[in-house]
Amino acid sequence: MPLGMAVYESGGAQGFVYFPTDSIVSLLYVLENGASTEIAVTGNEGLVGISLFMGGESTPSRAVVQSAGQGFRVRGVVLKRLFESSGDVQHLLLRFTQALITQMTQTAVCNRHHSVDQQLCRWLLLMLDRLASSEVLMTQELIANMLGVRREGVTEAAGKLQTEGLIEYRRGRIRVLDRSRLEGRVCECYAVVKREYARLMPHRQESGAAHARA
């Protein structure tokens with residue numbers, strides 16, 4: 001799953017469901033003028049393409065690989081058949097869907113009520129939860145597009161975090177130096193999403209904790 005790959009387009013047919021392993025996919029809403037905002041991210045905790053088993057078949061959002069890596073691809077008809085025949089699989093997919101909706105809802109609230117600094121902290125922490133390292137490969141321009149803010153706002157916010165010793169930014173690479181302080185700087189939205197994923201998908205929390213210790 002290479003960087004920038006469009007997993008699906010707005011309103012387009014979705015023949016497959018994708019399960020990222022070490023890649024991250026952004027769900028974006030694109031306006032008529034071309035501007036876009038990230039509404040959620042999905043990594044190894046879930047899948048991309050919930051409309052296939054929810055009955056909608058398509059969605060107005062766009063899904064793009066934000067962090068390159070690997071993933072599994074399953075034909076939509078196969079997953080739909082499994083969803084309808086297996087109670088355990090159905091419950092797991094529905095719990096993930098509820099967690100994803102929580103993330104989308106909280107993102108909308110965060111973008112409306114919190115500062116760019118706090119939004120950037122939330123975005124970085126969501127990325128770190130899905131990456132094997134403390135380094136995020138992303139230009140400020142792309143981050144601005146994800147957050148739906150001006151690039152100058154991201155530059156100023158990143159500069160503040162770097163001055164405070166929380167991150168190090170250079171040439172499209174952001175390295176988190178102090179995660180605990182970053183978590184202390186972020187708004188409540190990150191914790192709301194994290195708690196809901198832990199409640200609905202406890203197996204992910206356990207594997208994530210083991211990965212962090214490693």
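Just so you know, residue 1 is the first one in the sequence shown, and it goes up from there.
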Exercise for the section: Take I143 and V136 through the test side-chain contact (heavy atoms from CB on, under 4.5 Å) and record every step on the way to the result. Expected result: CA-CA 11 Å; I143 295 173; V136 179; over 6 Å; no
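- In this structure, the separation between CD1 on I167 and CD1 on I174 is 5.0 Å, given to the nearest 0.5 Å.
- The ring pair (Phe, Tyr, Trp, His ring centres under 6.0 Å) pairs that include a residue from residues 25-61 are F53-F83, where partners are two or more places apart or lie in different chains.
- The two residues E38 and T107 have their closest heavy-atom pair at O-CG2, 3.6 Å.
- Listed by first and then second residue, the salt bridge (charged side-chain N to carboxylate O under 4.0 Å, His left out) pairs involving residues 4-15 are E9-R62 (not counting sequence neighbours).
- When the options L126, L120, L124, L125 are evaluated for a side chain to side chain contact (heavy atoms under 4.5 Å, CB included) with V186, the one that passes is L125.
- Summarising the geometry of L27 relative to A63, their closest heavy-atom pair is CD2-CB, 3.8 Å, with the distance given to 0.1 Å.
- Looking at M1 and V7, their side chains come closer than 4.5 Å, going by heavy atoms from C-beta outward.
- Applying the ring pair (Phe, Tyr, Trp, His ring centres under 6.0 Å) rule to pairs touching residues 131-176 yields nothing, sequence neighbours excluded.
- Atom-to-atom distance recorded for L128:CG and R179:CZ is 5.5 Å, nearest 0.5 angstrom.
- At a threshold of 4.5 Å between non-hydrogen side-chain atoms, the residues S10 and V30 do not count as touching.
- Using a 4.5 Å cut-off on side-chain heavy atoms (C-beta onward), D178 and L182 make no contact.
- Scanning all heavy atoms of the two residues, the minimum distance from C110 to C187 falls at SG-SG, 3.5 Å.
- Summarising the geometry of G15 relative to L52, their closest heavy-atom pair is C-CD1, 4.3 Å, with the distance given to 0.1 Å.
- Listed by first and then second residue, the side chain to side chain donor-acceptor pair (under 3.5 Å) pairs involving residues 70-91 are E57-K80 (not counting sequence neighbours).
- Q162 is linked by a side-chain hydrogen bond (donor to acceptor under 3.5 Å, both in side chains) to nothing, counting only residues two or more places apart in sequence or in another chain.
- By the 4.5 Å heavy-atom criterion applied to side chains, L3 and L137 are not counted as neighbours.
- Within the structure, the salt bridge (charged side-chain N to carboxylate O under 4.0 Å, His left out) test picks out the following pairs touching residues 105-121 (sequence neighbours left out): D117-K160, D117-R185.
- A donor-acceptor pair under 3.5 Å links the side-chain atoms of R95 to the main chain of L200, judged by distance alone.
- Note on V78: it clusters hydrophobically with F72, by side-chain heavy-atom contacts below 4.5 Å among ILVMFWY residues.
- Placement of V89 and M201 within a single hydrophobic cluster is found when ILVMFWY residues are connected by side-chain heavy-atom separations under 4.5 Å, directly or transitively.
- In plain terms, the two heavy atoms of S67 and L131 that are nearest each other are OG-CD2, 3.5 Å.
- No side-chain heavy atom of Y8 sits under 4.5 Å from any side-chain heavy atom of V25.
- The shortest heavy-atom contact between A157 and V116 is CB-CG1, 3.9 Å.
- Within the 4.5 Å cutoff, the side chain of V41 has heavy atoms near those of the Q103 side chain.
- For the residue pair E196 and Q106, no side-chain donor N or O sits within less than 3.5 Å of a side-chain acceptor on the partner.
- Annotation: side-chain hydrogen bond (donor to acceptor under 3.5 Å, both in side chains) contacts of T37 (sequence neighbours excluded): none.
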Exercise for the section: Given side-chain contact (heavy atoms from CB on, under 4.5 Å), test Q14 with I50 step by step and report yes or no. Expected result: CA-CA 10 Å; Q14 297 181 28; I50 63 171; over 6 Å; no
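- Interatomic distance, E45 CD to I24 CD1, rounded to the nearest 0.5 Å: 8.5 Å.
- Identified under the ring pair (Phe, Tyr, Trp, His ring centres under 6.0 Å) test for residues 106-159, with sequence neighbours left out: none.
- Every side-chain hydrogen bond (donor to acceptor under 3.5 Å, both in side chains) that T59 has, sequence neighbours left out, goes to S61.
- In this structure, T42 has no side-chain hydrogen bond (donor to acceptor under 3.5 Å, both in side chains) partners at least two apart in sequence or on a different chain.
- Note: the hydrophobic cluster containing L94 does not contain I101 (ILVMFWY, side chain heavy atoms under 4.5 Å, direct or indirect links).
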Exercise for the section: Determine, stepwise, if the pair Y197 / L100 fulfils side-chain contact (heavy atoms from CB on, under 4.5 Å). Expected result: CA-CA 8 Å; Y197 271 83; L100 185 66; 4.0 Å; yes
Exercise for the section: Apply the test side-chain contact (heavy atoms from CB on, under 4.5 Å) to residues L79 and L93: give CA-CA distance (whole Å), side-chain angles for both, the deciding distance (0.1 Å), then the verdict. Expected result: CA-CA 10 Å; L79 190 68; L93 293 176; 4.3 Å; yes
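- Residues that satisfy the salt bridge (charged side-chain N to carboxylate O under 4.0 Å, His left out) test with E188, not counting sequence neighbours, are absent from this structure.
- Evaluation of the ring pair (Phe, Tyr, Trp, His ring centres under 6.0 Å) rule for F19 yields no partner, not counting sequence neighbours.
- Judged purely by atom type and a 3.5 angstrom limit, S26 has no side-chain atom pairing as donor or acceptor with the backbone of L28.
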